[in-house]
Every structure is written in C-alpha cells, then in structure tokens.
Amino acid sequence: MTTTATSTAAGAGLIPARPLAAQAHALRAAATLIERAGITGLSLTIGHDILIQVPEYLAPPAARTAAVAWLAAATGGQAAADTRPGSHTRGWVFADGQLAGHAVRVFTAIGGTP
C-alpha cells in the first residue's frame, strides 16, 4: 500500500493512497475532533475533504459562530463571515483548516440573505 506522510495538530499519521482507506482515515480524525470538541449534533460529510456543518437547530447564531471558531482553531483555521454584497453565501460563517492531512471546511448559517 502506498502512503503519504503527514503531520498535523490532530496527530502524526499516514494517509493511505487508496480512496476508501483515506476516507476512513478522515472519518476517524473527524470523530476524534468532534469528541474532543464536545459539540453534539454536528453534520459531517467525508469525501475528498471533511465538511463539518454546525446546524441551525443546535443553538443561536452567536453560539454556532463560536462553535465554528473553536473547530477552526482546532484545525489551524480562522472563522470568517461572508459579507460580500450579493453573495449567495452571505449570512454564513466559514473556516478552512487541516485535520490529519485532510482539508476541512467548517460552516454554519447565521442569517438570511438580504
């Protein structure tokens, strides 16, 4: 099996080159992160990268924004609101980071499009 070396805040490890094994590796890393975060109800999608959504029903916008900020810091990213006029994602908070060598996007809705 071919592997690629990685070193991350979530721990050092090897990402398998095979797609299914890499996806399982990403899932284990994401599970460790959300367990450490202690935030229940997150929505995860594991594919080419790791997508973590903080759903609207979990908490008020300020608490969801704080959850995105915490997860962003844990993955080496920084949360930022999309404030571009006319953007279809305006009213969302996003953060990009890395987890065990996998790209991570954390996001939540904080308000409607004006």
Side-chain angles (χ1 to χ4, degrees):
M1 171 170 69
T2 306
T3 57
T4 330
T6 64
S7 178
T8 65
L14 297 176
I15 298 175
R18 296 177 303 158
L20 183 58
Q23 188 175 13
H25 183 266
L27 182 58
R28 284 190 295 273
T32 299
L33 174 68
I34 63 171
E35 184 176 42
R36 193 172 41 142
I39 303 169
T40 61
L42 298 176
S43 175
L44 295 175
T45 302
I46 309 294
H48 183 265
D49 50 9
I50 300 169
L51 301 176
I52 304 173
Q53 181 180 10
V54 181
E56 291 182 68
Y57 65 83
L58 286 182
R64 292 194 315 273
T65 299
V68 171
W70 191 97
L71 291 163
T75 60
Q78 185 172 358
D82 185 347
T83 58
R84 298 174 294 162
S87 171
H88 72 281
T89 59
R90 187 171 182 187
W92 291 78
V93 174
F94 294 99
D96 293 314
Q98 292 283 318
L99 182 62
H102 302 276
V104 176
R105 171 149 273 211
V106 183
F107 60 98
T108 193
I110 56 169
T113 304

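None of these values were measured; they are calculated from a predicted model.
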Rounded to the nearest 0.5 Å, what separates atom CG in Leu71 from atom CD in Gln53? 12.5 Å

Between OG1 on residue Thr45 and CZ on residue Arg105, distance to nearest 0.5 Å: 13.0 Å

If you take all heavy atoms of Pro55 and Leu42, which pair is closest and at what distance? CD-CA, 4.1 Å

Do His25 and His102 make the cut of ring centroids closer than 6.0 angstrom? yes

Give, for atom OG1 of Thr75 and atom CD1 of Ile50, the distance between the pair rounded to the nearest 0.5 Å. 9.0 Å

Distance (rounded to the nearest 0.5 Å) between Thr40 OG1 and Glu35 CD: 13.0 Å

I would like to know whether Leu51 and Leu44 meet side chain to side chain contact (heavy atoms under 4.5 Å, CB included); could you show each step before the answer? CA-CA 6 Å; Leu51 301 176; Leu44 295 175; over 6 Å; no

Once you round to the nearest 0.5 Å, how far does CH2 of Trp92 lie from CD1 of Ile110? 10.0 Å

Say you draw a straight line from CD1 of Ile46 to CD1 of Ile52; how long is it, rounded to the nearest 0.5 Å? 7.0 Å

Is there a side-chain contact between Leu99 and Leu33, using heavy atoms and a 4.5 Å cut-off? yes

Flag side-chain contact, heavy atom, 4.5 Å: Phe94 against Asp82: yes

Heavy-atom nearest pair, Ala79 first then Ala72, reads N-CB, 3.8 Å

Indicate the atoms forming the closest heavy-atom contact of Val68 with Phe107, along with that distance. CG2-C, 4.0 Å

